[in-house]
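These values consider heavy atoms only, across backbone and side chains, with no hydrogens, waters or symmetry-generated copies.
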Amino acid sequence: IIVMVLDIIVFWCIYIISFILGYAVSESLVRPFGIFDVYPFKCRKCLTTWLMIASYVSIGICLGKWVLMLCGVILAAAQALCFIITDKEKGLQ
């Protein structure tokens, strides 16, 4: 049971760290006409989604936790879909 609790903690830590890194990178590294002035770096939602996918896949493979990886990728895809839907409702796309 301790292993399952640790897996859940790792899962949500990856989720939170991806949001923090997505915000920090998109705010601090993106400068006009800089090397990071391309997608997904200048789009916080895109960067967060790709960071989540990359983090869940790499940590899932390294730890051999396929369920963690699959659930993380599904969560990242669902969140990206929610971003798209809310942007369309706001008229941003």
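Hydrophobic clustering, with ILVMFWY side chains joined whenever heavy atoms are under 4.5 angstrom apart, keeps Ile1 apart from Val3. Ile53 and Leu47 are not part of a single hydrophobic cluster, where members link through side-chain heavy atoms under 4.5 Å apart. No continuous path of hydrophobic side-chain contacts links Leu75 to Val73 [ILVMFWY only; heavy atoms under 4.5 Å].
Listed by chain and residue number, Arg44 satisfy the side chain to side chain donor-acceptor pair (under 3.5 Å) test with Ser26 (two or more places apart in sequence, or in another chain). Applying the side chain to side chain contact (heavy atoms under 4.5 Å, CB included) test to Ile61 and every residue at least two apart in sequence or in another chain returns Val57, Trp66, Met69.
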Considering only distance and modelled atom types, tabulate donor-acceptor pairs under 3.5 Å from the side chains of residues 6-19, sequence neighbours left out.
{"unit_1": "Tyr15", "atom_1": "OH", "unit_2": "Gln79", "atom_2": "OE1", "d": "3.1"}
{"unit_1": "Ser18", "atom_1": "OG", "unit_2": "Ile14", "atom_2": "O", "d": "2.9"}

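Here CD1 of Ile84 is found 10.0 Å from NZ of Lys45. Values are rounded to the nearest 0.5 Å.
Screening residues 51-61 for salt bridge (charged side-chain N to carboxylate O under 4.0 Å, His left out) gives no qualifying pairs among residues at least two apart or on separate chains. For residues 47-59, no pair satisfies side chain to side chain donor-acceptor pair (under 3.5 Å), with sequence neighbours left out.
If you chain together ILVMFWY residues whose side-chain heavy atoms come under 4.5 Å of each other, Ile74 ends up grouped with Leu70.
Taking every heavy atom of both residues into account, Ala24 and Ser28 meet most closely at O-OG, 2.6 Å.
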